[in-house]
Amino acid sequence: MSVMEPLRIIVLLFCLILAIPAVNAANLTITEPSSSENTFSEMRDFYVYGVFPAPLEHPGNVRVVLKDSNGTVIRTVVSSVNETGVTPETSVNMSLVPNAWGGMLAPDVITVPGGFTNGSNKVLVTGTYYLGLIQGGVTREMGSYTDMSGGRLEPIMRDLTAGTYTLVVEGLDGDLAGEKVEVGVVFGTTHASLGVFRPDENKKNVIGWAEGRTPPLRVYTDWLPGYFRKGDGGYEIPDRWQANNAIEVVNDLSGTTIDTVATAENDCLIYNVGDTSATLQVELAAILRHGLEDSDRTTFTHYDIGEPSMMWTDRATDANKSVTGRLVTYPADIRLVYTRAEITNEPVRENYFNTVVVDGRKIVDTTPMQVTVVQGENLTFYGVARPIATTLVSAGNAYRYIPDDQIVTYVYENETLGRFTFTGCLEREFEGRYIGSANYEFGHVFTETAAMPPGAWLLAVSAYNTTGALVEKTNTTIELEVRTASSPATLSTVVAVAAPVSTPAPREATGFGAVLAVAVLLVVVVLRRG
């Protein structure tokens with residue numbers, strides 16, 4: 001073969017490549033359900049969401065089909081786009097959405113064709129994504145649990161109960177014509193890692209805890225049906241997303257086959273759980289409503305130091321120090337866990353912690369059950385309390401509840417040092433001056449250590465609920481050594497025993513406000529006697 005022959009072949013191949021028409025990358029994808037969230041509780045609704053790789057000029061209609069393990073089609077939902085290939089605003093009745101902002105449209109309230117009650121028209125198409133609602137049965141009372149794919153509007157008779165299914169998404173016309181993607185989904189039981197997603201560091205740890213279990217636990221990062229955000233726009237339909245969130249935690253629906261209250265299994269991180277947070281009023285409320293707070297299938301966790309991470313200035317060296325918190329499970333035999341003590345000469349606020357600012361020169365002691373303090377120093381004990389059994393009242397939406405009871409009063413007592421009473425919950429200040437209310441956490445400040453005699457003392461600790469009743473599994477003991485400025489540490493000998501803690505007389509459950517007021521009066525009396 002001549003030298004020119006290989007070169008001629010290469011040129012011919014290059015020309016053939018140029019002659020082959022370019023193949024466009026697929027536009028149709030299934031972004032959600034994601035690979036980590038393709039298992040659902042029985043009868044749950046879910047969104048089918050796909051982001052186009054690049055904006056489309058004329059997307060076209062999208063059809064979403066759900067098939068059971070036998071290949072039988074049990075859900076068909078189809079969009080109805082206009083001449084530009086997107087769902088027109090006139091086809092969506094956003095007046096039915098309780099909370100919306102930024103011009104975002106919701107597939108849940110599409111009305112064309114067939115009206116709002118038509119459950120098979122609930123696919124929204126825009127130039128950048130599609131979003132469809134598949135209903136499983138939990139929100140059947142919201143008025144669109146119907147199907148019109150057969151030409152007649154009829155009630156859906158088959159709920160999405162335990163089994164494996166295939167989700168198929170097809171492009172019918174426009175830029176999506178002929179494209180088809182599918183993914184498998186499963187309905188059955190779920191085991192979730194629950195916790196507040198604010199701040200981001202805490203969210204990462206909730207997810208990290210889930211990923212570290214075997215098998216990995218479920219975390220709800222995909223959009224729950226009835227709640228969606230994109231850019232500056234979003235909407236919220238509380239009765240839909242809260243019902244779906246709650247049954248993932250504890251499924252109390254009739255008609256399920258394996259997913260029941262008895263099989264509910266959850267891990268819940270107690271950190272920054274605010275009064276109005278979904279973690280409290282939807283997820284933890286589901287556990288409390290069914291009396292599962294002490295179940296072997298409910299695992300509560302907390303940070304061993306009380307925070308995901310901390311920075312402070314060491315009082316002795318003026319060096320900046322930091323430590324990273326580690327998630328650990330609550331011990332089974334105690335409801336109160338002390339996570340750290342902080343000692344400083346600077347002013348401190350009770351039940352407060354600033355997560356952003358290095359808020360003073362101090363000593364941080366991560367062994368708070370045995371603490372040494374010099375007379376005149378301010379001492380703060382930080383800790384967490386497991387939720388207790390309680391009744392609940394409705395918060396105004398489906399599956400959203402407010403617990404009636406929790407630990408609200410903490411008493412420290414020693415025959416020599418006296419009695420110290422604390423009430424209320426911790427507040428944290430985050431970036432941007434956001435204040436987070438932290439139910440089940442506390443920061444108890446002892447500011448009058450100058451009046452404490454030197455020595456090693458045992459502080460008996462007990463906790464009480466809103467009616468003043470002693471809460472079981474809260475009795476604990478802290479060893480406190482009080483020193484003069486010139487005395488050495490001697491915690492080897494305890495020179496006074498803790499006094500038995502008396503139980504406050506039971507009183508009528510008049511709510512947190514009344515309890516706090518009574519507790520404040522107790523503090524005033526103690527201070528005056530001191």
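Computed from heavy atoms alone, side chains included, the values below leave out hydrogens, waters and symmetry copies. In this chain, numbering begins with 1 at the start of the sequence shown.
- Between Thr317 and Asp314, the side chains place a donor N or O and an acceptor N or O closer than 3.5 Å (distance only, hydrogens not considered).
- Scanning for side-chain hydrogen bond (donor to acceptor under 3.5 Å, both in side chains) contacts around Arg315 gives Glu377, with sequence neighbours left out.
- Donor-acceptor pairing under 3.5 Å is recorded for the side chains of Asp404 and Thr391.
- The pair Arg361-Asp318 meets the salt-bridge criterion, since a charged nitrogen lies less than 4.0 angstrom from a carboxylate oxygen.
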(message) With side chain to side chain contact (heavy atoms under 4.5 Å, CB included) as the criterion, how do Val219 and Phe197 come out once you've worked through the C-alpha distance, each side chain's angles and the decisive distance to 0.1 Å?
(response) CA-CA 11 Å; Val219 182; Phe197 279 3; 3.7 Å; yes
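- At a threshold of 4.0 Å, the pair Arg340-Asp304 does not count as salt-bridged, since none of the basic side-chain nitrogens sits closer than that to a carboxylate oxygen.
- By the side-chain hydrogen bond (donor to acceptor under 3.5 Å, both in side chains) test, Thr367 is found to be paired with Asp365, residues two or more places apart in sequence or in another chain being considered.
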Without placing hydrogens or testing angles, list every side-chain donor-acceptor pair under 3.5 Å for residues 278-285, not counting sequence neighbours.
from   : atom 1 : to     : atom 2 : distance (Å)
Gln281 : OE1    : Arg400 : NE     : 2.6
Gln281 : NE2    : Asp275 : O      : 3.1
Glu283 : OE2    : Asn245 : ND2    : 3.1

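- Side-chain atoms of Asn465 never come within 3.5 Å of backbone atoms of Ile407 as a donor-acceptor pair (strictly under, hydrogens ignored).
- Defined by atom type and a distance below 3.5 Å, a donor-acceptor pair is missing between the side-chain atoms of Ser193 and Asp267.
- A cation-pi arrangement, defined by a distance under 6.0 Å to the six-membered ring centre and an angle within 45 degrees of its axis, is absent between Arg335 and Tyr464.
- Partners of Tyr129 under the ring-ring contact (aromatic ring centres under 6.0 Å, His included) rule, at least two apart in sequence or in another chain, are Tyr49, Phe228.
- Side-chain contact between Lys362 and Thr313 is absent, with no heavy atoms from C-beta onward closer than 4.5 Å.
- Judged by distance alone, the side chains of Asn475 and Ser462 do bring a donor and an acceptor atom under 3.5 Å apart.
- Remark: His290 engages no residue in a ring-ring contact (aromatic ring centres under 6.0 Å, His included) (not counting sequence neighbours).
- We find that Arg218 and Glu248 are joined by a salt bridge, their nearest charged nitrogen and carboxylate oxygen being less than 4.0 Å apart.
- In terms of heavy-atom proximity, Ser41 sits nearest to Asp259 at CB-OD2, 3.0 Å.
- Interatomic distance, Met369 CE to Glu479 CD, rounded to the nearest 0.5 Å: 8.5 Å.
- Annotation: Tyr382 is not in aromatic contact with His444 [ring centroid separation under 6.0 Å not met].
- Judged by a 6.0 Å distance limit and a 45° cone about the ring axis, Arg386 is not positioned over the six-membered ring of Phe300.
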(request) Go through the steps to decide whether Thr299 and Asn266 satisfy the test side chain to side chain contact (heavy atoms under 4.5 Å, CB included), and finish with yes or no. (result) CA-CA 6 Å; Thr299 301; Asn266 298 281; over 6 Å; no
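- Side-chain polar atoms of His302 and Tyr440 form no donor-acceptor pair below 3.5 angstrom.
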(message) Set out, in order, the CA-CA distance, both residues' side-chain angles and the distance that settles side chain to side chain contact (heavy atoms under 4.5 Å, CB included) for Ile270 and Thr301, then state yes or no.
(response) CA-CA 6 Å; Ile270 301 298; Thr301 62; over 6 Å; no
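- Remark: Ser35 pairs with no residue by the side-chain hydrogen bond (donor to acceptor under 3.5 Å, both in side chains) rule, at least two apart or across chains.
- Glu429 is not listed as a side-chain neighbour of Val356, based on a closest heavy-atom distance of 4.5 Å or more.
- Counting only distance, with no hydrogens or angles, the side chain of Asp239 and the backbone of Ala398 share a donor-acceptor pair below 3.5 Å.
- Formation of a donor-acceptor pair under 3.5 Å by the Gln375 side chain with backbone atoms of Met452 is found in this model.
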(message) Show, in sequence, the C-alpha distance, side-chain angles and deciding distance for Glu342 and Ile363, and conclude whether the side chain to side chain contact (heavy atoms under 4.5 Å, CB included) test is met.
(response) CA-CA 6 Å; Glu342 295 188 4; Ile363 296 170; over 6 Å; no
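- In this structure, the side chains of Asn354 and Arg428 stay at 4.5 Å or more apart for every pair of heavy atoms.
- Classified by interplanar angle (parallel below 30°, tilted 30° to 60°, perpendicular above 60°), the ring pair Tyr271/Tyr303 is perpendicular.
- Put simply, the side chain of Leu167 reaches to within 4.5 Å of the side chain of Phe46, judged on heavy atoms.
- In this structure, Arg44 and Glu42 have side chains that are not in contact, with every pair of non-hydrogen atoms separated by 4.5 Å or more.
- Side-chain atoms of Glu37 and Thr221, non-hydrogen and from C-beta on, do get closer than 4.5 Å to each other.
- When side chains are defined from C-beta on, Glu236 counts as touching Trp241, because their heavy atoms get closer than 4.5 Å.
- Between Phe187 and Thr39, every side-chain heavy-atom pair lies at or beyond the 4.5 Å cut-off.
- The main-chain N or O of Ala438 is never found under 3.5 Å from a side-chain atom of Asn272 such that the two would form a donor-acceptor pair.
- Classification of Arg240 and Asp45 as a salt-bridged pair holds, one side-chain N sitting under 4.0 Å from a carboxylate O.
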